[in-house]
Amino acid sequence: MHRLADPRRRGPARGAPRHLALARARRPTGARRRAHAPAGGVRRQDRHRGGRVGRDRHGPRALRADRRCGGRAGDPARRGVRPAASVRRGLAREGARRDRAAAALEQPLHHRRGAARLTSRALPRGAGLPIICGGMAEKRYDPREIEPRWQQVWASERTWEVSNDPAGDAGRDGAPGPSAPSSYVLEMLPYPSGEPHIGHLKCYSVGDAIAHFHRRLGRRVLHPMGYDAFGLPAENHAIRTGEHPRDSTAASISSFQRQFHSWGISIDWSRELATHEPSYYRWTQWIFLELFRAGLAYRKEAAVKWCPHDQTVLANEQVDADGRCERCGALVEVRQLEQWFLRITDYAERLLGDLDGIDWPEHVKTMQRNWIGRSEGAEVTFRCEELSIDYPVFTTRPDTLFGATFFVMAPEHPDVLRLAEGTPNEMEVRAYVNKALTETNEERGNAEKPKTGVPLGRTVTNPVNGEQLPMYVADYVLMEYGTGAIMAVPAHDERDFAFAQAFDLPVRQVIAPREAAEAPEGGGAGAAGDGHPPEDGDGGTARAGDAQDGQLPFTADGVLVGSHPDFDGKPNRAALAEIVAWLDREGKGHASVNYRLRDWLVSRQRYWGCPIPIVYCDRCGMVPVPDLELPVRLPEIDDYTPKGRSPLAAAEDWVATACPECGGAARRETDTMDTFVDSSWYFLRYCDASNEAAAWDPAVLREWMPVDQYIGGVEHAILHLMYARFFCKALADLGHLDFQEPFRALFTQGMVTKDGSKMSKSRDNVVSPAAIVERVGSDTARAYILFVGPPDQDADWADEGVEGVHRFLSRLWRLSAETAERAGTPVAEPLAPEHGEGADLALVRKTHWAIDKVSGDLRRFAFNTAIAAVMELLNDCSRLREEVQLETLRFSLATAGSLLFPFAPHVCADTYSLLTGERVWEQPWPEADESMLESDSYELVCQVNGKVRDRVRASADADPGALGALCRAAPNVKAHVDGREIVKEIVVPGKLVNLVVR
RNA sequence: GCGGCGGUGGCGGAACGGUAGACGCGGGGCCCUCAAAAGGCCCUGUCCGCAAGGGCGUGUGGGUUCGACUCCCACCCGCCGCACCA
C-alpha cells in the first residue's frame, strides 16, 4: 500500500506536537556542530568513510545491537497501522539524524535561524544572507548540500546492509519482515584502473534503480560491490613506473569507493571484496584445486596464442577477429607450449542447452550459441595404407562422402612431416609448414585469400568406395577444429572447390538440385547444366578447371546422384542419416557432434594474478597445495618486466618449497591465473563474504543465489558470462552448489558516447563522472543518463540535456520545498477534501496515472519513459499549483518524489522528508488506485475512412451504438461523410469510432 | 557469407494493430528586470490557407486490415557479433 493517503480520504486530524519534531528535523546544519557531535556519531561515520577493503568489519550482530541502542527496536506493526506516535518518533529520529549528518557539512552559522531555515540549506556555501521576499524565502535546489547530507545518513545507519538471516533485519525501520522474498541485484564488478568512467555511472545507475525498486516492493535486497583487482593494466603500469600493482590498485579502488559514495549508490558495504586480497584468492585457489582434483584443470602442450607484447599466452577468447591481443592490440603469435587448461568443452552441451531456460537478451544468447558453435555430423575414418595410419575426419556432410576427391591436413597436424618424409615433396612440405606456422592469423585467416597447399605424396582410402584420395597440407584447414584433417568435396563446398580449382583437382557432383534430377532424361531443366547431373555411376566427375557454368559448388539441398545404388535418388538429408547408420554398421564411422568451443587456457606468465597452487616434485609429479596451506601468497618481486617466463620464477625463495606429499625438494608453479578465473565466482562470495572457514556456506547461498538481476555491458557477453556459467555447473557437479545457472536474468546496458563516438582519451571527448557530479550533482547525472534513451541502447552525452534534467530536479525540489513550507507541518498522510473535483481530481488522477506508468516502466527497464512520466506529473503540479488544494499538491509532489527516488535518491529523500517527515526508502512502493486510472468521460476520436476528422467528449459508460451516433453527429465528420453511404462502422469503446464511407 | 539489432521532426527519443512525434533538448515570441542571470507563460513535423480546415509525412516497394511506425513478403542503408569451423 502506498503510505501517502489519497487526499480524497479524510481521516481524523492528528493531534500531537508534530511541530516540535519538525523544529528539530529542520534544524539547520552548522560547522560548529561538528565539534559537539556525539562521539558515537563520529565513530560511526569514521567506520564507513575509509571503506578500505579488508578493514575490520563489524558483524551484522554488532550492527543490530548498535541500532537497538538508539531506541529503534523493531515495530513490525508499523506497516499495517500507523499511530500518530510513530510519526512523531520518526520525525524525532529524523532530527537526531540530521544532527549527526551535520558534522560533515560546512554551513555558515548565520543561516541557522527562523524563517530562513529552508533557504539556509539551499544557498551555496559562502553565499550571503538569504533573500527574503514577502516573508517567504526564495528556494534554490542545492545538490551540493543535499547529497552529502543523505549519503551521511545512509552511511552512518548502514541503511543498505542486509543480513543473511532473514530474521536478522527485522528490527530496522522499513525493513521487510523475515518472510519477505529475497532479491539479488548485481552489477558486474568494476576493474579498478584509474577512475570510474561514465559507463560505470550508467551501469550502477541502472542497477541501483532496480535495487531500490525491489526493496520498495518489499524484498530483502542484496546489492553488493567489489573489485576485479588483478590484471594486466596494473602490471603494465608497474613495469612503466615501478609502482607496485598493489599500490596503484589500492589508489584506484579508493577512487571508486569515493565516487560510489558520492553517487549515492545503495551498496551493502559490509560485503565488499577485492579479488587480489588473500582472503579472496585463497578460495579462488581452492576452486582451482577442486577442478584439478576432478580432472577439469589439466596441463597440456598445445599450439597456443601468444602475445609478444604482453609476453604471455592468451585464451582464444582474448584474441580479436584480426588476430590481435584484446588488451594491447599486438598481433598474436602461435607457440607450442605447455599450459593449464580448464575443461569447459565438457560442458559445451549444457552451456548451450541451458541458455533456453534463462531470461537473457536474445542477442547475448545468440553470441554464446555462436561461440559454442555446435555442429552435428559424423566422424569418418580414412586410412593411409602405406603407413597404416587411420585418420578420422569430422564432417557435417556425410551425404557428400562419395564426392570426396582429395584429403587435406592442417599445417599444425603432428603427422604432416612424417607423412611427407621420404617423398619427393618433403622439402616443399617443410617449407610450407614453416611458413604457415609463422604467419599471423590475420595473414592466414582470410577466406578471400587464394588457396595454397602442397601435396604430401601419399593417399588415403575413402571408406565408402575404396578410392585412393591424394593427401595435401593446406592452411585453410585448422588444427583446432575437428580432427585437423578433412575430406574435401569440391563439388559441394566452396573452400574445397577453390582449392580444387587452384590445383586442378577432380570435382565430382553427388548431389543435384531436385528439379534437375526429376527432369526427364535429356530434358532442358538446365539447372545442373550440360553433363550434370551424371546419368549413372561417376559420370559426374570433371576437372575443376573445366567450364562449370556457375553451377558448382552446389551447397544447397538436393538428391543424391552418382553415389551408391542404395542412396541415389534420395533427398540428401534423408540419405545423410542412412549413410551415417551404414558407416556405423561397417565400423567406418559414427555420428558425432563437434563444437567450436575450446578448452579455456587459464595460465598466464604474469605477476599480478592469482598464483596457481600447484607444486612440482621430481618424485610425486604435480601435487596440489593442501587446502590448509592456502592461500599460496603472491610473493614480492622487484622486476615485473616480462621475459617470456613468469616473473614469479625470479622469486627463488618462494619457488623452492617442500613437496606436500613426500617432503622432498619441490618447486612451485610460477604461472598465475587468468583474471577471468577471479571473476567467475565473485557473486558467490558476496553471499557469504566474511566466511573464513569456507568459500561459502551452501545454506547461505540458497538464500540468495541465483542472482535475480545481473547488469553489465555486452562486452562480457561471451567471456565472463560463459566462464561464470561454466564454474557454476562444474561446482554444482562437485556438490558445492545446488543450481546450474548463476544469473537468472541479465540486462546489458548500452555504451555512453560523446558526439556519436566512443569516449577515449585520444579523441579527447571523455566526460568525467566526477566533474559532472561536481557541477550538477549525482542525482542529475544519474537521472540524465537514464532519461536520455532506453538503457540497453547506446546513449550520446549532451550537456544541454543534462541541464534539462537539472532544471527538472530543481523544479521538483523548489516546488516541494515551497509547498512544504506553505503547508507548515509535514504530515505522513496529507489531508484533503473528501472528494476531489476539477483541478484537484485531475491532479489526483494524473498522480495515479504516473504511479501506474512508472511501476510498469520500471518492470520493463524503460527508465527513460518512467522519468518522463514524473516530468509530466510535475508539470501538472506546477501548472495547477494555484488551483488545487494544498493537500492535493502535497500528495502529488510527495508521490512524484517517491516515484523518482530510484533514479534520483537524494533529492527525492529530501523532498519527501520535507513534505511528509518520512523517509522515502522506508515506504512501500506506491500502488495506483484502479478507479483513478479511468475517468468518466474521455475524448472520442472520430475517423472517416481511417482519417481523424473530429474529436468529441464521450461518457465512459456509453454503449457502442451511442458512440457511433456521437461520431456521426460530430460536425467535421458530417462534412466528410457528406451524404455518402456509411458502409461500416467500427467502434472501439474508450478509443474511437471509424466510419467507412463510399 | 551467417546470426543479431536498428532506420520516426533540427537533435535524443515516445507510441497493447487505434489521435504519430509523449518527455526532454534546440529554436522563436512574450512576462519579470535598470539590465542580466535565474525563473515563468505561449508557439514549434511539413506544405497550402487570414482562418476554419485540408494535403503530405515513421528508409524503399508491395501485401494483410475498417485502420499499419507496429503484422507479412522483397529490398536498401547503418551498427554489433561470428567467420576458411569442414
Side-chain angles (χ1 to χ4, degrees), chain A residues 138 140 320-321 361-371 373-375 377 393-397 400 408 410 444-449 451 474-478 480-489 492-496 498-499 555 594-598 714-715 717-718 750-751 784 787-790 792-805 807-808 810-811 814 853 856 862 864-875 878-879 939-951 971-972 975-976 983-988 990-997:
Chain A
E138 182 187 323
R140 194 183 171 112
D320 68 18
E362 204 45 54
H363 68 280
V364 175
K365 291 192 191 183
T366 304
M367 280 194 228
Q368 293 221 341
R369 289 189 188 108
N370 288 345
W371 191 262
R374 184 183 196 275
S375 299
V393 301
F394 173 76
T395 176
T396 53
R397 296 294 305 275
T400 64
V408 191
R444 196 180 144 178
N446 181 1
E448 309 300 307
K449 183 185 92 163
K451 295 280 178 283
D475 65 4
Y476 82 93
V477 174
L478 310 174
E480 310 92 87
Y481 188 76
T483 61
I486 61 155
M487 65 162 194
V489 185
H492 304 292
D493 181 280
E494 302 195 358
R495 298 149 302 176
D496 296 345
F499 191 84
T555 54
N594 224 285
Y595 300 93
R596 208 189 76 101
L597 185 70
R598 320 272 155 71
V714 249
E715 65 273 19
I718 295 172
M751 252 186 351
Y784 168 72
F787 174 69
V788 69
D792 56 333
Q793 284 173 30
D794 288 354
D796 201 59
W797 187 275
D799 288 334
E800 298 83 1
V802 177
E803 295 305 322
V805 171
R807 275 198 285 274
F808 160 60
S810 290
R811 273 206 312 280
R814 219 178 325 115
K853 172 80 176 146
N864 54 333
T865 50
I867 294 169
V870 181
M871 286 176 171
E872 282 194 57
L873 174 58
L874 180 66
N875 287 346
S878 180
R879 192 163 45 81
E939 196 168 63
L940 180 74
V941 170
C942 304
Q943 298 183 334
V944 178
N945 285 344
K947 280 185 191 289
V948 180
R949 294 305 182 187
D950 217 334
R951 298 178 172 98
N972 203 40
H976 278 88
V983 292
K984 204 167 178 183
E985 187 175 292
I986 290 98
V987 180
V988 185
K991 290 268 190 216
L992 54 76
V993 174
N994 186 16
L995 304 178
V996 185
V997 303

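By convention in this document, chain letters (A, B, ...) are assigned in the order of the sequence lines, proteins followed by strands, and residues within each chain are numbered from 1.
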Does A:D493 use its side chain to pair, donor to acceptor, with the backbone of A:A488 at less than 3.5 Å?
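Checking the backbone N and O of A:A488 against the side chain of A:D493, no donor-acceptor pair under 3.5 Å is found.
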
Ignoring hydrogens and geometry, is there a side-chain-to-backbone donor-acceptor pair from A:Y784 to A:W797 under 3.5 Å?
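Between the backbone of A:W797 and the side chain of A:Y784 there is no qualifying donor-acceptor contact (under 3.5 Å).
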
Can you list the steps and then say if A:R369 with A:E362 is a salt bridge (Lys or Arg N to Asp or Glu O under 4.0 Å)?
CA-CA 10 Å; A:R369 289 189 188 108; A:E362 204 45 54; 3.3 Å; yes

Who pairs with [X] by side chain to side chain contact (heavy atoms under 4.5 Å, CB included), at least two apart in sequence or on another chain?
X: A:N370; answer: A:T366
X: A:E939; answer: A:R951, A:R953
X: A:H363; answer: A:P361, A:M367, A:V714, A:T748

Considering only the C1' atoms, how many Å lie between B:U65 and B:C11, rounded to the nearest integer?
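Looking at atom C1' only, B:U65 and B:C11 are 35 Å apart.
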
Expressed in whole Å, how much space separates the C1' atoms belonging to B:U64 and B:G49?
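Taking atom C1' in both B:U64 and B:G49, they lie 37 Å apart.
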
Just how far, in rounded Å, is [atom2] of [N] from [atom1] of [X]?
X: A:M367; N: B:C82; atom1: CE; atom2: C1'; result: 10 Å
X: A:R811; N: B:G24; atom1: CZ; atom2: C1'; result: 10 Å
X: A:Y481; N: B:A83; atom1: OH; atom2: P; result: 13 Å
X: A:N945; N: B:G54; atom1: CG; atom2: C1'; result: 16 Å
X: A:D792; N: B:G13; atom1: CG; atom2: C1'; result: 13 Å
X: A:M487; N: B:A86; atom1: CE; atom2: P; result: 12 Å
X: A:Y784; N: B:G24; atom1: OH; atom2: P; result: 14 Å

A:E715 atom CD: more than 12 heavy-atom contacts under 6.0 Å
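Buried by this count: over 12 neighbours within 6.0 Å.
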
Under the salt bridge (Lys or Arg N to Asp or Glu O under 4.0 Å) test, which residues partner [X], sequence neighbours left out?
X: A:K853; answer: A:D857
X: A:R374; answer: A:E349, A:E376
X: A:R596; answer: none

Nearest to the side chain of [X] - [options]?
X: A:V996; options: B:G54, B:C66, B:C84; value: B:C66
X: A:W371; options: B:C82, B:G39, B:A86; value: B:C82
X: A:R949; options: B:A86, B:G81, B:G55; value: B:G55
X: A:N972; options: B:C84, B:A86, B:G54; value: B:G54
X: A:I718; options: B:A22, B:A83, B:G81; value: B:G81

A:D950 and side-chain contact (heavy atoms from CB on, under 4.5 Å): which partner among A:V944, A:V993, A:N972, A:L940?
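One option only clears the test, and that one is A:N972.
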
Please tell me which of A:G373 and A:I867 maps to the more 5' nucleotide of RNA chain B, matching each residue to the nucleotide holding its nearest heavy atom.
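By nearest-heavy-atom nucleotide position, the 5'-most residue is A:I867.
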
Which is more 5' along RNA chain B, the nucleotide nearest A:N370 or the one nearest A:A485? Just name the residue.
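The 5'-side residue here is A:N370.
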
Applying ring-ring contact (aromatic ring centres under 6.0 Å, His included), name anything that partners A:F499, two or more places apart in sequence or on another chain.
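With sequence neighbours excluded, A:F499 shows a ring-ring contact (aromatic ring centres under 6.0 Å, His included) to A:F406, A:Y472, A:Y476, A:F503, given in chain and number order.
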
Non-neighbouring partners of A:F394 that pass ring-ring contact (aromatic ring centres under 6.0 Å, His included), sequence neighbours left out
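With sequence neighbours excluded, A:F394 shows a ring-ring contact (aromatic ring centres under 6.0 Å, His included) to no residue whatsoever.
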
With 3.5 Å as the limit, what N/O pairs link the protein to nucleotides 15-21 of chain B?
unit_1: B:A15; atom_1: OP1; unit_2: A:R860; atom_2: NH2; d: 3.2
unit_1: B:U19; atom_1: O2; unit_2: A:R951; atom_2: NE; d: 2.6
unit_1: B:U19; atom_1: O2; unit_2: A:R951; atom_2: NH2; d: 2.4

Structure string for RNA chain B in dot-bracket form, Watson-Crick and G-U at under 3.5 Å, | interchain:
(((((((..(((.....[....)))((((((.......))))))((((....))))..(((((..]....))))))))))))....

Pairs under 3.5 angstrom, nitrogen or oxygen only, protein versus nucleotides 4-12 of chain B, please.
unit_1: B:G12; atom_1: O2'; unit_2: A:V788; atom_2: O; d: 2.8

Considering only heavy atoms from C-beta outward, does the side chain of A:V996 approach that of A:N945 to under 4.5 Å?
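Result yes, sub-4.5 Å side-chain heavy-atom pair found.
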
All N/O contacts under 3.5 Å from nucleotides 25-31 of chain B to the protein, with atom names and distances to one decimal?
unit_1: B:C25; atom_1: OP1; unit_2: A:R807; atom_2: NE; d: 3.3
unit_1: B:C25; atom_1: OP1; unit_2: A:R807; atom_2: NH2; d: 2.9

